[in-house]
Structure formats: C-alpha cells, structure tokens
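The block underneath contains the structure these notes are about, expressed in structure tokens.
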Amino acid sequence: MNLSRWRETVNRYIVNAIILVIAWGGMFRRAFNCDTLAHMVNAWGDIEHRMTHGRYLSAFQDWLLYQMGLSTASHTGITAMVEVALLAFAVCILQSCFEEKIGKPSGIYEQLAWTAIFSLVFTNVLFAESFMFGECALMFGIAYLLAALGIRAFTRRKYGLAFLFFILSTLEYQTAVIYAAIVLSAWIFIDSECRITVKTVILEIVCGVITIGAGVLNMLSLSLLARLGVVKEAARSADVHDWVQKAAKCMTDLGQVLLNSRGLLPKVGLPFMVLCIAMGIVIWKFWKEKKLYAIIYYILLVVGMIAMVYLLPMLQPDTRTYPRIIWTFYSMQAMLFLIAFWLMTKKGKEVLCYICGAYLLVQILFCNIIVTNHMVSNTLDKTYAMMVYEKIVEYEEETGQEVKKLAVANDIDCPFSYNNVYYKTDQINERALGTVSNTMVNIASGREFEKVPMDETVYQTYFGDQNWDYFDASEQLVIIGDTAYWMIF
C-alpha cells in the first residue's frame, strides 16, 4: 500500500470513528443493565450462558480475561471504546467493498452522502441495545468486524474464506450473518446491474448458503455439544411452527419500527418516510428508463431484506424482536440509499447528501438522548439502592443488630423502566430495581446480603396491595431482626 492510499485509509477510519464516538461516546463510562450486574457477581455463569447459546468464541474471550483477573463488566467504558474502534474498521471495510464496484465518490457532496450512508449501518437508535450490554461490547464489535471481513472476501470471490469468517462471526453473535446477508444482497444487485440472470441467482444462492448456512451450522453444533454433554443445554433451537402468527407479530413490530423505531424516535413516521424516499428514487429511475424487470428485482430485493431482518425472530419459539436483532433494519435502509446513490446523477447525489446527512444527524441526536436516559436510569438505580442501604446502616447503629438478609418484592405495577426515562424499549434503558434488586444493593453497598423470599405476614402487615409511583424508604422498607424487607415501586 503506497503512502497516499495509507493516508486515505487512515483519514477514512478517523472520520468513521468520530461519527461513532459522537453517537456512542456517552457510553465510555461505567454503565450497566440487569445482565451486566448479574455478570459482575457471577462471571463464570455468564460464560456458561454464552456457551449454551453457541457463542463459543465470545465465551473463550471472557474466560481468558477471567483467568487474567479482568472483568468486562467492571470495565464497560473500555469495552465500549473497543467496540466503537472495531465498528469503525467494519465501516471502512464496507466502504472499500462498494468503492471497488461503484467507484470512489468525487466532490464534497458525494463524499458526505457516502459517509452518511455507511455510518447509518451502526449509528442508529436500534443499535443502542448493543451498547447497553457493556460486558458484551467486545462480542458485538468482533462479530460485526468478522462479518465485514466475510463480506470483503465474498466481493472478491473468495467464498471459502468468506464462509470461514461468517462461521467465526456466529461464534460471537449470530445476528452478524443477517447484516452480512443484507449488505451482500445489495452488492449482488449492483454487481448484476439490476438484472436477474443465471449468475445473479447463483450468487444469491451462494450468499444464502454461506451466511444463513453459517448460522445453521452454529445451531447444529450447539445441539451436538449438548448431546455430548460439553454444554449444559442447547438454549437456542429453531421452531418452524405457527408461521402465520409469527409473521403477524413481526409485521406489527415492523409497523412500530417504521413509525418511531419502537419508541426511540418521535412518533412521526420518519423511518417510513425515509424508506419511501429511498425506494421512490430507485423505482422512479427504473420506470423512467422503462426497466420493468429491474423494478421487479428491486421489489424482490426489498422484500427479501425485510424477511432477513425478521428471520431470527421467525425461527424462535417465542418470536422475540429485540432491537439488538432487528437493528439490521437500518442496514437495509443504508443499502437502499446506497443503491439510490449509485443510480443518481451528480445533481441528484447532492440532494441525497442533504437527505442522508439530515437523517444521520437525527439518529445521532436521539442516540445521545438514549445514552443520557441510560445515565439517568443507572443513577436512579444506584441512588435508591444506596438510600435503602443507608437506612439499613442507620438501623444497625441504633439497635446493634446486624442485617444479614434482604427480601425484595415488587408492588402491583412495577415497570421495567423509570417514568422519567423517556426513550426506552426492551432492554434499552431498563432499570435494575425490580429485576435484579438484591444484586444492585449488594454491588452498590459492597456487602453481601443473603437473598430470601418476602415473608407473607410482613407483606400483608406493612405493604398489602399498594401501588407506588415514587420511591419512599419510610413506606417501602421495613427491617425486622436481621432481615430487611423492601417493596420496589
């Protein structure tokens, strides 16, 4: 690589990294969610959990760090930094793959549009859930980087090497091959120049076999290892029943994503409008040039991409549409914008620069709001836990009785997030209290209170069927003997 090419690569990486830091830099701190707290007190259990989900490489990484006396849960700021660094590399790889096919963007407007389009892949509100799990940040970053390397190998016709990278990515996190399949579908569309040929069909089949096939092999290996007793159980399995019911649930979820990204954007239908713009540009272009077959291929491409976004939920028994799975919707949007960019004239690309740039800015803004809300949620969790602990210490000082046990129960309507945390869905900005309350108190106080069930007599005498919407230790905490009883609002 000559000096100018090296300088260009470094500059590209810096730009991509800066955008990711602007969006996710707020996570460069000690943050947590329920799973993070559980990992803090039982790192080995979390390693076993990853093994039972087929994430062998991720489990090995954590085991290796564990042997070195390091915990990803205790260094979540560092792991978030590493994830951003790895994702920036992945974006660079994607850009280089398509530059080899489309050509380098020329002029400031084309370069800005190009950067905004590829940044959208990992800079979007649904991707926020990948940063909520600080202990899994390395897993996500490595998985998506490995998938990007697989994409690069595929575009260079090195299918065996691509398959190897995709298999490795599933050993980190299985969703990686879904994003790879979506990106490669767009690449094949461009490579075939919007025409369905024998070559196109073969490439699509190869793409499906080595991406989805890698995921299938991962599931088969998990079943085999469970039977051999290497892992405790196969926690993941495919369920092919109730397709209609599952499809209906996924379509309902898609509607929520198009409306406001599951509550993470204002309720104005921005993702839907942007999708219509990207598709409208391409279909209008083909219609104007009387390319009917290209329109058919394009519509099939879009339908196929949406199907890929929801493939994993469709295969799960309980059809879970977690943001950390369906964030690939934004990979789809990025690729549809890329196809529009490829087809547009120089003037059109200038207009697209403003559209993509504005859309990316909106995503960055709300990524920051989500991160800020996460800080609020973490602060409230720690504050309430410490307020309870202070009451326990006060009781111990007054009575001389050491409190050794903690019984926790939730009131009638105990939400999964705080009311003053506005942008939340699933495990994005979930609160710890109410789910891992005992663990939260133990970590915040530095003491180990034995977890015991709530005494029915104490419950009926002091708490009854009350439903608080605020924290008040004088009403929600009772200490009797060596046991503290706490009701979570």
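Index from 1, following the sequence.
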Tell me whether the count of non-hydrogen atoms from other residues, nucleotides or ligands lying under 6.0 Å of [atom1] in [X] goes above 12.
| X | atom1 | answer |
| --- | --- | --- |
| Tyr159 | OH | yes |
| Arg157 | CZ | yes |
| Arg320 | CZ | no |
| Asn419 | CG | no |
| Tyr66 | OH | no |
| Gln245 | CD | no |
| Lys101 | NZ | yes |
| Phe272 | CZ | no |

With a 4.5 Å cut-off on side-chain heavy atoms, are [Y] and [X] touching?
| X | Y | value |
| --- | --- | --- |
| Trp468 | Gln476 | yes |
| Tyr389 | Val393 | yes |
| Asp482 | Val403 | no |
| Arg262 | Thr321 | yes |
| Leu87 | Leu145 | no |
| Asn410 | Met487 | no |
| Phe463 | Val458 | yes |
| Val441 | Ser437 | no |

Presence of salt bridge, [Y] and [X], under 4.0 angstrom:
| X | Y | value |
| --- | --- | --- |
| Glu172 | Arg50 | no |
| Lys249 | Asp253 | no |
| Lys424 | Glu430 | no |
| Asp191 | Lys199 | yes |

Audit row: Tyr330, Phe127, ring-ring contact (aromatic ring centres under 6.0 Å, His included) steps and yes/no:
CA-CA 9 Å; Tyr330 282 104; Phe127 198 77; over 10 Å; no
How many angstroms lie between [atom1] in [X] and [atom2] in [Y], if you round to the nearest 0.5 Å?
| X | Y | atom1 | atom2 | result |
| --- | --- | --- | --- | --- |
| Leu228 | Ser223 | CG | OG | 11.0 Å |
| Met132 | Gln427 | CE | CD | 10.5 Å |
| Thr439 | Glu448 | OG1 | CD | 8.5 Å |
| Met27 | Phe131 | CE | CZ | 8.0 Å |
| His49 | Lys232 | NE2 | NZ | 12.0 Å |
| Tyr423 | Ile369 | OH | CD1 | 5.5 Å |

Identify the two heavy atoms, one from [X] and one from [Y], that lie closest to each other, and give their separation to 0.1 Å.
| X | Y | result |
| --- | --- | --- |
| Leu222 | Met51 | CD1-O, 3.4 Å |
| Arg324 | Glu129 | N-OE1, 2.7 Å |
| Phe489 | Cys414 | O-SG, 3.5 Å |
| Leu270 | Val362 | CD2-CG1, 3.6 Å |
| Leu259 | Pro271 | O-CD, 4.1 Å |
| Leu433 | Tyr384 | CD1-CB, 3.6 Å |

Exercise. Between Tyr418 and Asp381, does a side-chain hydrogen bond (donor to acceptor under 3.5 Å, both in side chains) hold up when you go through it step by step?
Worked result: CA-CA 9 Å; Tyr418 293 107; Asp381 277 331; 2.6 Å; yes
Taking [X] for its side chain and [Y] for its backbone only, find out whether a donor-acceptor pair lies under 3.5 Å.
| X | Y | value |
| --- | --- | --- |
| Asp455 | Thr457 | yes |
| Ser377 | His374 | no |
| Gln174 | His53 | yes |

Exercise: do [X] and [Y] side chains pair donor with acceptor under 3.5 Å:
| X | Y | value |
| --- | --- | --- |
| Thr36 | Asn33 | yes |
| Ser169 | Tyr144 | no |
| Arg152 | Ser96 | yes |
| Gln333 | Asn124 | no |
| Asn218 | Tyr56 | no |

Practice problem: Would you please test Ile212 and Met308 for side chain to side chain contact (heavy atoms under 4.5 Å, CB included) and show each step? | Solution: CA-CA 10 Å; Ile212 308 306; Met308 293 306 302; 3.2 Å; yes
Exercise. May I ask you to check whether Tyr179 and Phe122 place their ring centres under 6.0 Å from each other?
Key: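 Yes, close enough.
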Stepwise side chain to side chain contact (heavy atoms under 4.5 Å, CB included) test for Gln61 and Leu57: CA-CA 6 Å; Gln61 290 161 197; Leu57 194 53; 3.9 Å; yes
Quiz prompt | Stepwise side chain to side chain contact (heavy atoms under 4.5 Å, CB included) test for Tyr485 and Leu477 | solution = CA-CA 6 Å; Tyr485 301 89; Leu477 180 69; 6.0 Å; no
Report the C-alpha separation of Leu264 and Phe366 in whole Å, then their side-chain angles, then the decisive distance to 0.1 Å, and conclude whether the side chain to side chain contact (heavy atoms under 4.5 Å, CB included) test is met. CA-CA 7 Å; Leu264 301 176; Phe366 282 91; over 6 Å; no
Name the orientation class of the two ring planes belonging to Phe118 and Phe98 (parallel below 30°, tilted from 30 to 60°, perpendicular beyond 60°).
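Phe118 vs Phe98 ring planes: tilted.
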Practice problem: Measure the acute angle between the ring planes of Phe154 and Trp187, then classify it against the limits of 30° and 60° as parallel, tilted or perpendicular. | Solution: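 Ring orientation, 0 to 90° scale: perpendicular.
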